[in-house]
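Written out below as structure tokens is the structure these notes cover.
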Amino acid sequence: MAPPKAPDSTRRSDRSRRAIYDAALALVGETGYAKTTIEGIAARAGVGKQTIYRWWPSKAAVLMEAFLDLAARQAAEAAEAAGGEAAGGEAAGAGATDAAGTGIPDTGDLAADLKLVLRATVDELNDPAAAAPTRALTAEGIVDPALGAQFVERLLDPQIQLYVTRLRAAQDAGEVRADIDPRTALELLIAPLTHRWLLRTLPLTHAYADEIVDYALRGLSPRP
């Protein structure tokens, strides 16, 4: 009789990590960052709290990693969806994968590229799976400077750099004035979305994303 196979500790660890990520995001969305605890995450995930402490030094570290994992999964899903459209004979958007976080497309049409990525951002902000925990962490980052710095460094800065890279390419192509600062210019694009989403002033829609691009580019384009 063949000896029984030993349990695969790697697969077990992966399952535990996934359960912890899902539990952390769910709890912070349901109860807010302040009321989310390591003990609560462990109970929701069905693991011992020492398992969490063995892998992460703090609650903030768990949530940061859970957010990064969520972003990676969203990017993979967008890439798969884009591939499916291409296989079906439709013109898959060059930025479907890029809009999810691996780079903003450069088709030679700056307005179209920015509208694509801002529409993808609207979809992400309107996704209940991401919206509640993102809102909770954003709010907590305002009153907790250390958490806010982590949020910016690990989640926002990489996305911001994608806009900077695309706007610099547009400058090189003569689509954008040479005297503009890309880091400032990108705020004309993403700040209105963030303001409307965070304060819930009006619905966040694709049409609004398109308007932002049109309005911003009128100020960034070369002057006759």
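Counting from 1, the numbers follow the sequence of the chain as shown. In this text, all values refer to a predicted model and were calculated from it rather than measured experimentally.
From H195, atom NE2 reaches atom OG1 of T201 across 5.5 Å, with rounding to the nearest 0.5 Å. Here the CG-CG distance, from L25 to D69, works out to 8.0 Å after rounding to the nearest 0.5 Å. Interatomic distance, CG of L156 versus CD of Q150, reported as 12.5 Å (0.5 Å rounding). The OG1 atom of T165 sits 8.0 Å away from atom CD1 of I104, with the distance rounded to the nearest 0.5 Å. For the atom pair D123 CG and T205 OG1, the distance stands at 10.5 Å (nearest 0.5 Å). Rounding to the nearest 0.5 Å places CG of L63 at 6.5 Å from OG1 of T36.
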Run the side chain to side chain contact (heavy atoms under 4.5 Å, CB included) check on L189 and L114 step by step: do they pass? CA-CA 9 Å; L189 299 164; L114 291 175; 3.9 Å; yes
Worked check of side chain to side chain contact (heavy atoms under 4.5 Å, CB included) between R135 and L198: CA-CA 7 Å; R135 192 180 297 279; L198 191 60; 4.1 Å; yes
As a quick check of understanding, evaluate side chain to side chain contact (heavy atoms under 4.5 Å, CB included) for R18 and D14, giving each step before the final call. CA-CA 6 Å; R18 170 68 54 230; D14 288 343; over 6 Å; no
Side chain to side chain contact (heavy atoms under 4.5 Å, CB included) for M64 and L137? Distances and angles first, verdict last. CA-CA 9 Å; M64 286 300 107; L137 272 184; 3.8 Å; yes
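Looking at every heavy atom in both residues, I180 comes nearest to P182 through O-CD, 3.4 Å. Heavy-atom minimum distance, E65 versus R17: OE2-NH1, 3.5 Å. Across all their heavy atoms, A209 and R119 have their closest contact at CB-N, 4.2 Å. Nearest heavy-atom pair across A130 and T134 is O-OG1, 2.6 Å. Residues A23 and I41 come closest through the heavy atom pair CB-O, 3.7 Å. In this structure, A42 and G48 approach most closely via the heavy-atom pair CB-C, 4.0 Å.
In this structure, P192 and Y208 have side chains that are in contact, with non-hydrogen atoms separated by less than 4.5 Å. W56 is not listed as a side-chain neighbour of I38, based on a closest heavy-atom distance of 4.5 Å or more. At least one side-chain heavy atom of T138 sits under 4.5 Å from a side-chain heavy atom of F151. A 4.5 Å side-chain heavy-atom check between Y163 and R166 finds every atom pair outside the cut-off. No side-chain heavy atom of I190 sits less than 4.5 Å from a side-chain heavy atom of T121.
Cluster annotation: Y215 and L188 are assigned to distinct hydrophobic clusters (Ile/Leu/Val/Met/Phe/Trp/Tyr, side-chain heavy-atom contacts under 4.5 Å, transitive).
Of the candidates K59, K49, R44, K49 is the only one forming a salt bridge (charged side-chain N to carboxylate O under 4.0 Å, His left out) with E39. For the side-chain contact (heavy atoms from CB on, under 4.5 Å) with R196, the qualifying choice from I212, L204, L125, V122 is L204, the only one to do so.
Take K115 and apply the side chain to side chain donor-acceptor pair (under 3.5 Å) test, not counting sequence neighbours, and it matches D214.
A donor-acceptor contact shorter than 3.5 Å links the side chain of D113 to the backbone of T107. A donor-acceptor pair is defined here as one N or O able to donate and one able to accept, closer than 3.5 Å; such a pair exists between the side chain of R177 and the backbone of G219.
Pairs passing the salt bridge (Lys or Arg N to Asp or Glu O under 4.0 Å) check and including a residue from residues 138-149, sequence neighbours excluded, do not occur.
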